[in-house]
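Structure record follows, encoded as structure tokens.
Proteins come first, then strands; the chains are lettered A, B, ... in the order of their sequence lines, and each starts at number 1.
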Protein chains: 2
Amino acid sequence: MSAAPPPQSIVVLDVEGVLTPEIWIALADEYDIAALRRTTKDEPDYQLLMQGRIDVLSEHGITIDRIQKVIEGLEPLEGAKTFLDALRAETQVLLLSDTFEQFISPLMAQLGHPTILCHRLEIDVDGRIIAFRPRVLDQKRRAVEAFQAMNYRVFAAGDSFNDLAMIDAAESGFLFRAPASIAADRSDLEAFVDYDDLLGALRTARAELGIY
Amino acid sequence: MSAAPPPQSIVVLDVEGVLTPEIWIALADEYDIAALRRTTKDEPDYQLLMQGRIDVLSEHGITIDRIQKVIEGLEPLEGAKTFLDALRAETQVLLLSDTFEQFISPLMAQLGHPTILCHRLEIDVDGRIIAFRPRVLDQKRRAVEAFQAMNYRVFAAGDSFNDLAMIDAAESGFLFRAPASIAADRSDLEAFVDYDDLLGALRTARAELGIY
């Protein structure tokens with residue numbers, strides 16, 4: 001008998017680019033607005049990125065109901081649900097995303113409603129997005145640390161600048177479909193493109209800590 | 001524009017007695033062992049309750065594979081999945097249970113793999129349960145406080161002694177199918193029997209804090 005309880009694991013995953021398309025790219029395509037094409041992969045300062053997006057939407061008079069209609073036409077990435085289902089059958093999973101509750105809900109429904117922590121946009125009665133204020137700063141890292149404080153071993157995967165703090169805070173973390181620049185910058189991290197490889201790496205990482 | 005971000009909610013639910021049958025009662029029935037019939041509704045000291053259960057299983061030579069076979073024959077309570085699906089479509093949900101990963105997995109599969117925080121039993125190579133050590137003490141209350149620290153408004157429902165700290169820590173909390181003694185003791189808490197009533201109360205509680 002050991003003094004410590006058996007280790008338990010939770011896997012935290014980024015969403016856009018990892019399980020679903022990048023929503024802002026889909027909006028850029030739909031409305032043919034190049035300025036909406038910038039993501040966290042291009043601009044590490046999320047507050048700056050979001051203020052720019054809100055300004056562009058405002059200039060073009062694009063309201064939340066029009067945005068939601070576009071998002072309702074999106075589907076998770078090919079193979080994402082199979083991967084997520086397999087992972088959820090063997091450990092606990094939590095999605096950590098800097099998206100918004102008003103955006104992501106139709107895609108979460110298609111993925112079987114995994115629990116997701118994200119933000120919420122301030123929207124006026126006419127459906128105009130008027131502000132982005134993060135629920136908390138550095139929410140992905142804070143979530144990892146909160147679960148570690150509850151004695152979970154945390155494993156992470158993401159594709160962008162805003163995932164690095166979460167990956168670094170976790171027991172093990174991986175890049176998944178990250179742009180070449182981030183993968184080069186962080187060559188210390190294993191980087192995967194196929195879901196099966198990521199699933200295998202997450203299994204190995206858990207097994208190395210004695211979690212079965 | 002307000003200075004604070006729009007409020008966001010997460011609902012935390014107990015599992016056994018709320019969404020699924022009491023597993024230990026099912027084991028007591030299967031093996032006709034009256035001593036296994038005690039639950040957290042009878043014995044508030046969980047460590048004491050669990051040590052008693054482990055001793056009884058050991059005396060009867062009941063191993064984890066035999067227990068898992070019984071659990072695989074169980075189903076969620078009638079209406080539980082419909083309730084949970086409705087709740088997951090409108091807010092984030094996290095299950096907080098003092099059960100064990102080795103027990104609850106088949107029932108979670110039937111409920112569509114909601115995220116659940118629970119414990120893990122220490123089991124030897126022959127499948128004998130040898131110890132229970134909690135992942136953390138007072139895990140339900142700690143989870144509520146962790147989510148509040150991440151700027152979530154937390155709403156809770158449970159049926160037992162071990163749910164009261166979680167319910168009291170939450171913004172609002174309810175009893176669901178609680179024994180008469182607990183409901184009488186805590187007449188300050190609204191108590192429900194029907195899922196629709198609980199769903200309605202959770203909606204009202206969120207709306208009262210401006211969460212839609």
Side-chain angles (χ1 to χ4, degrees), chain A residues 1-12 84-96 100-102 105-106 108-109 111-124 130-140 142-143 145-153 211-212, chain B residues 1-12 84-96 100-102 105-106 108-109 111-124 130-140 142-143 145-153 211-212:
Chain A
M1 261 198 246
S2 61
Q8 293 177 250
S9 64
I10 189 158
V11 172
V12 295
L84 191 59
D85 286 348
L87 194 61
R88 292 165 86 185
E90 58 190 59
T91 184
Q92 297 309 307
V93 178
L94 194 71
L95 306 188
L96 300 179
F100 315 101
E101 293 182 344
Q102 298 104 325
S105 165
M108 290 301 100
L111 287 172
H113 287 301
T115 305
I116 179 170
L117 307 188
C118 61
H119 306 285
R120 191 164 179 85
L121 289 166
E122 198 167 336
I123 297 175
D124 73 12
I130 51 175
F132 162 67
R133 272 178 242 280
R135 177 171 43 76
V136 286
L137 288 173
D138 211 2
Q139 68 121 347
K140 296 190 186 208
R142 287 182 65 151
E145 291 173 354
F147 280 90
Q148 288 170 331
M150 291 188 278
N151 209 10
Y152 274 97
R153 307 296 180 274
I211 304 168
Y212 302 96
Chain B
M1 259 197 246
S2 61
Q8 292 176 250
S9 64
I10 190 159
V11 172
V12 294
L84 192 59
D85 286 349
L87 194 61
R88 292 166 86 185
E90 57 189 58
T91 184
Q92 297 310 306
V93 178
L94 194 71
L95 306 189
L96 300 180
F100 316 101
E101 293 182 343
Q102 297 103 325
S105 165
M108 291 299 100
L111 287 172
H113 287 301
T115 305
I116 179 169
L117 308 188
C118 61
H119 307 284
R120 191 164 179 87
L121 289 167
E122 197 166 337
I123 297 175
D124 73 12
I130 51 175
F132 163 66
R133 273 177 241 280
R135 177 171 43 77
V136 287
L137 288 173
D138 211 2
Q139 68 120 348
K140 295 191 186 209
R142 287 183 66 149
E145 291 174 352
F147 279 89
Q148 289 170 330
M150 291 188 277
N151 209 10
Y152 274 96
R153 307 296 181 272
I211 304 168
Y212 300 98

Among A/R135, A/R142, A/R88, A/E90, the residue with the most heavy-atom pairs under 4.5 Å to chain B is A/R135

- Task: May I ask you to decide if the ring planes of A/Y152 and A/F147 are parallel, tilted or perpendicular, using 30° and 60° as cut-offs?
- Result: perpendicular

Honestly, the part of A/A109 sitting under 4.5 Å from a heavy atom of chain B is neither

Measuring only between side-chain heavy atoms, which start at C-beta, is A/H119 closer than 4.5 Å to B/P5? no

Honestly, the part of A/L117 sitting under 4.5 Å from a heavy atom of chain B is both

Point to revise | 4.5 Å side-chain heavy-atom contact, A/I116 and B/Q92 | key: yes

inquiry  = Closer than 3.5 angstrom, by distance alone: can the side chain of B/S9 be matched with the main-chain N or O of B/R153 as a donor-acceptor pair?
reply    = no

With chain B, the option among A/V93, A/I123, A/T115 that has the most non-hydrogen atom pairs under 4.5 Å is A/T115

